Amino acid sequence: MTFDPKLVGVGAAILATVLVVYMPVQRRRVNQTIVALVITCLIFVAAFAFWNAELALPIGAGVALAVIVTRLLWGGLQSFVYRNFTRYTRRDFWQRRIGQSVLGGSRRRKRND
């Protein structure tokens, strides 16, 4: 039983799109290097299924680079927004901060007396 290369390309493109959209971009949740490698492989499989090698290589490289850079920027933007704005609206941030100061669990600075 043989598979049509176009069918394999469509499947790889759909799977790559699902991974790009639904995989988290936070470094603490998922190893981003593995996700980037899987997405890149799927993009190249789809590119080689649709075009010949001379055309598929630059198209696959361009699309893979664009996707990886976009995911990197999106993760950085999410991290920036959380660290500078959103964490102050979360209840657990204030509970942790007040609890540490009341119980003495936070880091203390040395006094230069």
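Along the sequence shown, residues carry numbers from 1. Source: prediction; values computed, not measured.
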Of all heavy-atom pairs between [X] and [Y], which one has the smallest distance, and what is that distance?
X     : Y     : result
Leu57 : Phe48 : CD1-CZ, 4.1 Å
Ala56 : Ala47 : CB-O, 3.4 Å
Ile68 : Ala36 : CD1-CB, 3.5 Å
Ala49 : Gly9  : CB-CA, 3.5 Å
Ala16 : Ile43 : CB-CG1, 4.2 Å

| message | Can a donor-acceptor pair be found, under 3.5 Å and without considering hydrogens, that links the side chain of Arg71 to the backbone of Val67? | response | no
| Flag, side chain of Thr17 to backbone of Ala13, donor-acceptor distance under 3.5 Å | yes
| note | Rounded to the nearest 0.5 Å, the OG1 atom of Thr70 sits from the CG atom of Leu77 at a distance of 12.0 Å
Would you say that [X] contacts [Y] through its side chain, given a criterion of any heavy-atom pair below 4.5 Å between the two side chains?
X     : Y     : result
Val10 : Phe50 : yes
Asn52 : Leu55 : yes
Val38 : Leu42 : yes
Gln32 : Met23 : no

Determine whether [X] and [Y] fall in the same hydrophobic cluster, where Ile, Leu, Val, Met, Phe, Trp and Tyr are linked whenever their side-chain heavy atoms lie under 4.5 Å apart.
X     : Y     : result
Val35 : Leu15 : yes
Val81 : Trp74 : yes
Ile39 : Ile59 : yes
Leu37 : Leu19 : no
Phe44 : Trp51 : no

| said: Tell me whether the count of non-hydrogen atoms from other residues, nucleotides or ligands lying under 6.0 Å of OH in Tyr88 goes above 12. | reply: yes
| said: Other residues, nucleotides and ligands only: do more than 12 of their heavy atoms fall within 6.0 Å of OH on Tyr82? | reply: yes
